[in-house]
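Here the structure is a predicted model, which means the values were calculated and not measured. All chains are named by letter (A, B, ...) in the order of the sequence lines, taking the proteins before the strands, and each is independently numbered beginning at 1.
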Protein chains: 2
Amino acid sequence: MDHVNLKRLAKELNLAVSTVSRALSDSHDISIETKRKVINLAKELNYQPNPFARSLRKRSSKTIAIILPEIANNYFSLAINGIEEVAQDYDYHVLIYLTHENHAKEASIIRHLLNGRVDGVLMSLSIETEDITHLQELQENNIPIVFFDRICDSIDTVKITTNDYESGYLATSHLISKGCKNIAYLTFSGNLSIERQRMKGYQDALIQHNLVPNDHYIVRCNTNTKESHTKIKTLFSEENRPDGIFASVELLAILCYEVCAEMKINIPNDIKIIGFSNLRTASLLNPALTTITQPAFDMGKEAAKALFEALKKPQIPMENRNIVLRSTLIERVSTSNT
Amino acid sequence: MDHVNLKRLAKELNLAVSTVSRALSDSHDISIETKRKVINLAKELNYQPNPFARSLRKRSSKTIAIILPEIANNYFSLAINGIEEVAQDYDYHVLIYLTHENHAKEASIIRHLLNGRVDGVLMSLSIETEDITHLQELQENNIPIVFFDRICDSIDTVKITTNDYESGYLATSHLISKGCKNIAYLTFSGNLSIERQRMKGYQDALIQHNLVPNDHYIVRCNTNTKESHTKIKTLFSEENRPDGIFASVELLAILCYEVCAEMKINIPNDIKIIGFSNLRTASLLNPALTTITQPAFDMGKEAAKALFEALKKPQIPMENRNIVLRSTLIERVSTSNT
DNA sequence: CTGTTAGCGCATTCAC
DNA sequence: GTGAATGCGCTAACAG
């Protein structure tokens, strides 16, 4: 037995296991002297408490899960950064799971977490998710969940979002101010609350500026990149093609660029694009792209903080609360590179 | 006790706990009939085995750790994607830890993993890492580790890299073929093996093409973005400023763009830039950027596969083996957008 | 084929 | 202050 555990420490010090345990957890009724001895030996032998035994006993894992639709996208990368930073502060571990925008996978992942492997969940919904029984099961099992960005309205808990309606309004107004008359809205899903908000902002901005919302200009893409590519191409091939594009998702802005390049459409002369994108590099590398950028890092941090604070008070269920952070519109003025 | 565990199942079926356990693990010496009954009841009551009890008993956690310098970068995002995909296949969980390029944090994270929380580790080194005792400790504790991209030469294990020397050579040759005479090499660290390889390729390409390597054109930046920005600015302000840039890291390519924009330097007329970058969007959004792209997703997958295969044979230490995948040079020809 | 027993490492209750 | 005993939920060795 070269494994160093409480038993081993106890034996070497001629103490009981329980005494050692209490000494290490700094219990009040252990003499200063024994504490010192125990702690010293523990350090010397590099004692590492077994996390599973501890979790088994205490019914707490010091672990949370992040469940994301995907990760190859700057928004979620930054969010993970924020979450991980806070988790290290609170001394928690972070498990990561990707749903690939697939409802079945999302449900399966969540059901696997009902066994207590994690103390809480941070999550952004998959595009496909409509049925939310798996989320309810989580709550029934008293595992708190916090949503960020892609929230679920019908679950009572903390939700971190940005001012999506306002951003949609601003983005659209920006295109209008640049002279666009026929503005298309590209979206993945009518399902997600954030997209509904953004679209509402888009529509209201049109109306406010005496333009007529035209359903024909609302293009619903999906996770199949090729199909989406084709849809955009079709849109751009039409008689009265749009002169402005509001892409509600980063990937769709990128697809627009691809299509424009293919079709030799000049940006921003022929078509102006504004993208709901967190791609720092997008705004850096191409002056033609105006972006709406979410504070992804801070959203991750806020979500994590809310969760950890809730975990401190295990009995109180999470109150329904919206935390709204602000997105930023970043307009790149032309540089020498245009 | 509304918690459903083996004891509960056993009681309801008038069986012994061990019988239930064996039935659920599909042991051969349990009758078909009891198996059926047990499995049915387990399903009915939605029995979820406690992962901690299992891990405690079996000394295996079905969990691996990914340790990364950072994540706000397309390369690591894609790598995580690959890893997570393979992990789901092998039925493993994935913990994620970020070092922020900080050696102390890296060592601390690894030491926390010595307690058996994970069965194995996938890792890309921090830039700062020179002392590798923490990595050795991991091996001494029989926790296998696989490196990808930023590998550690002096640890015997599986390492996934790309053809960095060749890529450095190609990138530099590409700039030379475009007429560049004074090519600068931007790097973060002389420490990382990948950067040494890339630099060697860069230097050899110069020599091969009868250009004289000039140490003055080798610019060592660091994680402090502002400082690096200044260094690049200084380089670009000089009398004989370079006409070609080879950025060995994505972020440095981006900084070059920023500086060029600031200084009204035209890309690619005044300066050509080739970036070691996985930013798909970089190549999409700006035709001026030629990129060298690593197969990040596949690298993640390969690393994970190697690790999981090793975990299947616990007694055999991992053999020292290099798996080299190929990077791609993506040249964007000018589009209507230039 | 099934039951009994033991123990993984730790925290906690109850003695003294 | 400290020790002995118990059990978290599960698997595995042994017995029959």
Please tabulate the protein-to-nucleotide N/O contacts below 3.5 Å involving nucleotides 3-5 of chain D, giving atom names and distances.
from: D:dG3; atom 1: OP2; to: A:Ala16; atom 2: N; distance (Å): 2.8
from: D:dG3; atom 1: OP2; to: A:Thr19; atom 2: OG1; distance (Å): 2.5
from: D:dG3; atom 1: N7; to: A:Ser18; atom 2: OG; distance (Å): 3.3
from: D:dG3; atom 1: N7; to: A:Arg22; atom 2: NH2; distance (Å): 2.9
from: D:dG3; atom 1: O6; to: A:Arg22; atom 2: NH1; distance (Å): 3.0
from: D:dG3; atom 1: O6; to: A:Arg22; atom 2: NH2; distance (Å): 3.1
from: D:dA4; atom 1: N6; to: A:Ser18; atom 2: OG; distance (Å): 3.1

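Applying the salt bridge (charged side-chain N to carboxylate O under 4.0 Å, His left out) rule to B:Asp29 yields no partners; only residues at least two apart in sequence or on another chain are considered. Looking at residues two or more places apart in sequence or on another chain, you find a salt bridge (charged side-chain N to carboxylate O under 4.0 Å, His left out) between B:Glu319 and B:Arg321. Contacts of B:Ala23 classified as side-chain contact (heavy atoms from CB on, under 4.5 Å), with partners at least two apart in sequence or in another chain: B:Ile30, B:Lys35, B:Val38. In this view, A:Asp131 satisfies the salt bridge (charged side-chain N to carboxylate O under 4.0 Å, His left out) rule with no residue, not counting sequence neighbours. Contacts of A:Glu44 classified as salt bridge (charged side-chain N to carboxylate O under 4.0 Å, His left out), with partners at least two apart in sequence or in another chain: none. Taking B:His100 as the reference, nothing meets the ring pair (Phe, Tyr, Trp, His ring centres under 6.0 Å) condition, with sequence neighbours excluded.
Sorted by first and then second residue, the side chain to side chain donor-acceptor pair (under 3.5 Å) pairs involving residues 47-60 of chain A (not counting sequence neighbours) are A:Asn46-A:Gln48. The ring pair (Phe, Tyr, Trp, His ring centres under 6.0 Å) contacts involving residues 15-36 of chain A comprise nothing, where partners must be two or more places apart or lie in separate chains.
An OP1 or OP2 oxygen of C:dG9 is reached within less than 4.0 angstrom by a side-chain nitrogen or oxygen of A:Asn5. Between A:Arg59 and D:dC8 there is no side-chain N or O to OP1 or OP2 distance below 4.0 Å. Distances shown here put every side-chain N or O of B:Tyr47 at or beyond 4.0 Å from the OP1 or OP2 atom of D:dG9.
Contacts between residues 32-46 of chain B and DNA chain C, defined by a heavy-atom separation below 4.0 Å, involve B:Thr34, listed by number.
With respect to A:Lys159 and A:Glu302, no salt bridge is recorded, no charged nitrogen being found less than 4.0 Å from a carboxylate O.
Atom CG of A:Leu24 is separated from atom C1' of D:dT2 by 15 Å (rounded to the nearest Å).
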Side chains of residues 10-20 of chain B: which donor-acceptor pairs under 3.5 Å do they make with residues two or more places apart or in other chains?
from: B:Glu12; atom 1: OE2; to: B:Arg8; atom 2: NE; distance (Å): 3.0
from: B:Ser18; atom 1: OG; to: B:Arg22; atom 2: NH2; distance (Å): 3.1

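Taken over five-pair windows at either terminus, the axes of the helix from C:dC1-D:dG16 to C:dC16-D:dG1 are inclined to one another by 50° (rounded to 10 degrees).
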